[in-house]
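Being a predicted model, the structure only gives us computed values, none of them experimental. Remember, it's 1-based here, ligands and their atoms both numbered in the order they're listed.
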Amino acid sequence: MPSTDADLMKQRAARAALSEVREGTIVGVGTGSTVNHFIDALAAHVRVKAAVSSSEASTQRLRGAGIDVIDLNEAGEIGVYVDGADEATPARHLIKGGGGALTRENKLVERLGRFPLPIEVIPMARRYVADQLSRLGRPVWREGFVTDNGNHILDVHGLTINDPVSLERELNQIAGVVTVGIFAQRPADLLIIGTPDGVRTL
Ligand code: 5RP
């Protein structure tokens, strides 16, 4: 199947990320279509010692490509972790966890929140967490989807995220929340953005 423009941009960004990975090291690998390109390029061009993976899907693809996958507890310090994002700001704050959401061509935004914010919750607390979140936006249960950890996802629509660091902290304090899809307290060190004119780094 021929690549779409969006897929080609993801592929370029994934290939550019290879230059951050050193031979013989342990690399952290995230999840998603951009990361799938990264795994393929990694297997072809860099001989790493092993990988630590953020999902069953990436673990399978890594092993299929001949890359050893080890448990995070065994790995010790990881030099580089490579992952995709659903939205990113110039401050390198991210929204992640979109998974099955539709592909968007431009993920670089001035303010996070147009992309529905994914929040992983323990199943028994889904209703409670949704009630708490409805003060801020419109939580929608991603029905039929179960995370690798056996949890559910609420996608929060209609958020205006002016202060991602505070919102991340606030949401993490709701009982029943496992992970919030805002990465702002620990932003990305480097953003690699695929564009129609090539790759841009921030
Ligand atoms: C998975 C993620 C993905 O990295 C994010 O959704 C981007 O995905 P893609 O590379 O397919 O556009 O956070 O939980």
Side-chain angles (χ1 to χ4, degrees), residues 1 3-18 20-21 27-43 51-62 65 69 72 78 80-89 92-109 112-121 139-157 159 161 164 167-168 171-172 177-196 199-202:
M1 196 171 70
S3 300
T4 63
D5 288 351
D7 194 52
L8 208 57
M9 290 190 281
K10 290 180 183 196
Q11 201 170 6
R12 285 189 190 138
R15 285 190 182 157
L18 280 187
E20 301 301 315
V21 183
V27 60
V29 177
T31 302
S33 53
T34 313
V35 165
N36 285 345
H37 288 306
F38 173 74
I39 293 171
D40 298 346
L42 185 70
V52 169
S53 157
S54 79
S55 68
E56 297 300 330
S58 290
T59 297
Q60 272 188 24
R61 196 173 185 105
L62 284 158
V69 180
L72 179 60
I78 296 169
V80 176
Y81 176 79
V82 178
D83 206 347
D86 298 302
E87 265 185 359
T89 68
R92 302 186 306 279
H93 295 153
L94 310 174
I95 286 186
K96 291 189 40 54
L102 292 181
T103 304
R104 294 158 48 123
E105 291 195 0
N106 185 7
K107 296 183 176 189
L108 187 63
V109 294
L112 298 176
R114 245 182 71 194
F115 194 94
L117 174 65
I119 299 190
E120 181 169 348
V121 299
V140 176
W141 174 25
R142 207 184 290 181
E143 275 195 77
F145 183 84
V146 177
T147 71
D148 286 350
N149 311 310
N151 294 318
H152 290 178
I153 299 271
L154 293 168
D155 292 303
V156 190
H157 295 246
L159 286 175
I161 306 181
L167 186 63
E168 181 183 355
L171 296 175
N172 268 315
V177 167
V178 177
T179 310
V180 175
I182 302 177
F183 289 69
Q185 289 183 289
R186 172 58 173 97
D189 294 309
L190 180 70
L191 277 185
I192 302 176
I193 303 154
T195 78
V199 166
R200 191 176 152 202
T201 55
L202 287 179

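With Glu87 contributing its side chain and Phe115 its backbone, the two residues share a donor-acceptor pair below 3.5 Å. At least one donor-acceptor pair closer than 3.5 Å links the side chain of Asn172 to the backbone N or O of Glu168. Between the Arg12 side chain and the Thr195 main chain, a donor and an acceptor come within less than 3.5 Å of each other.
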Exercise. Where do Thr31 and Ser55 land on the side-chain hydrogen bond (donor to acceptor under 3.5 Å, both in side chains) test, with the steps shown first?
Worked result: CA-CA 6 Å; Thr31 302; Ser55 68; 2.9 Å; yes
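Under the 4.0 angstrom criterion for non-hydrogen atoms, Gly97 is in contact with ligand 1.
Counting only heavy atoms of the protein, atom 1 (C) of ligand 1 lies nearest to Thr31 O, 3.6 Å. Nearest to atom 12 (O) of ligand 1 among the protein's heavy atoms is Lys107 NZ, 2.6 Å. Closest protein heavy atom to atom 9 (P) of ligand 1: Ser33 OG, 3.3 Å. Summary of contacts: the protein heavy atom closest to atom 10 (O) of ligand 1 is Thr34 OG1, 2.6 Å. Distance from atom 2 (C) of ligand 1 to its nearest protein heavy atom, with residue and atom name: Lys96 NZ, 3.3 Å. For atom 5 (C) of ligand 1, the nearest non-hydrogen atom of the protein is Asp86 OD1, 3.3 Å.
Residue-level proximity to ligand 1 for Ala85 is carried by the backbone, the only part with a heavy atom below 4.0 angstrom. Residue contacts with ligand 1 for Glu87 are absent, since no atom lies close enough (heavy atoms, distance under 4.0 Å).
Atoms of ligand 1 lying under 4.0 Å from at least one heavy atom of Gly32, given by number and element, are 11 (O). Distances below 4.0 Å separate heavy atoms of Lys10 from the following atoms of ligand 1: 9 (P), 11 (O), 12 (O). Within the listing of ligand 1, atoms 6 (O) sit less than 4.0 angstrom from a heavy atom of Gly98. Listed by number with element, the atoms of ligand 1 under 4.0 Å from a non-hydrogen atom of Asp83 are 4 (O).
For the side-chain hydrogen bond (donor to acceptor under 3.5 Å, both in side chains) with Lys96, the lone residue among Asp86, Asp83, Thr179 that qualifies is Asp83. Results of the side-chain contact (heavy atoms from CB on, under 4.5 Å) test with Ile95 over Val180, Leu117, Leu159 single out Leu117 as the only residue that passes.
The distance from the CG atom of Leu202 to the CD1 atom of Ile192 is 10.5 Å, given to the nearest 0.5 Å.
Polar contact with ligand 1: present for Gly84 (N/O pair, distance under 3.5 Å).
Looking at Arg61 and Asp40, their side chains come closer than 4.5 Å, going by heavy atoms from C-beta outward.
Ser53 and Ser58 form no side-chain donor-acceptor contact under 3.5 Å, judged by distance and modelled atom types alone.
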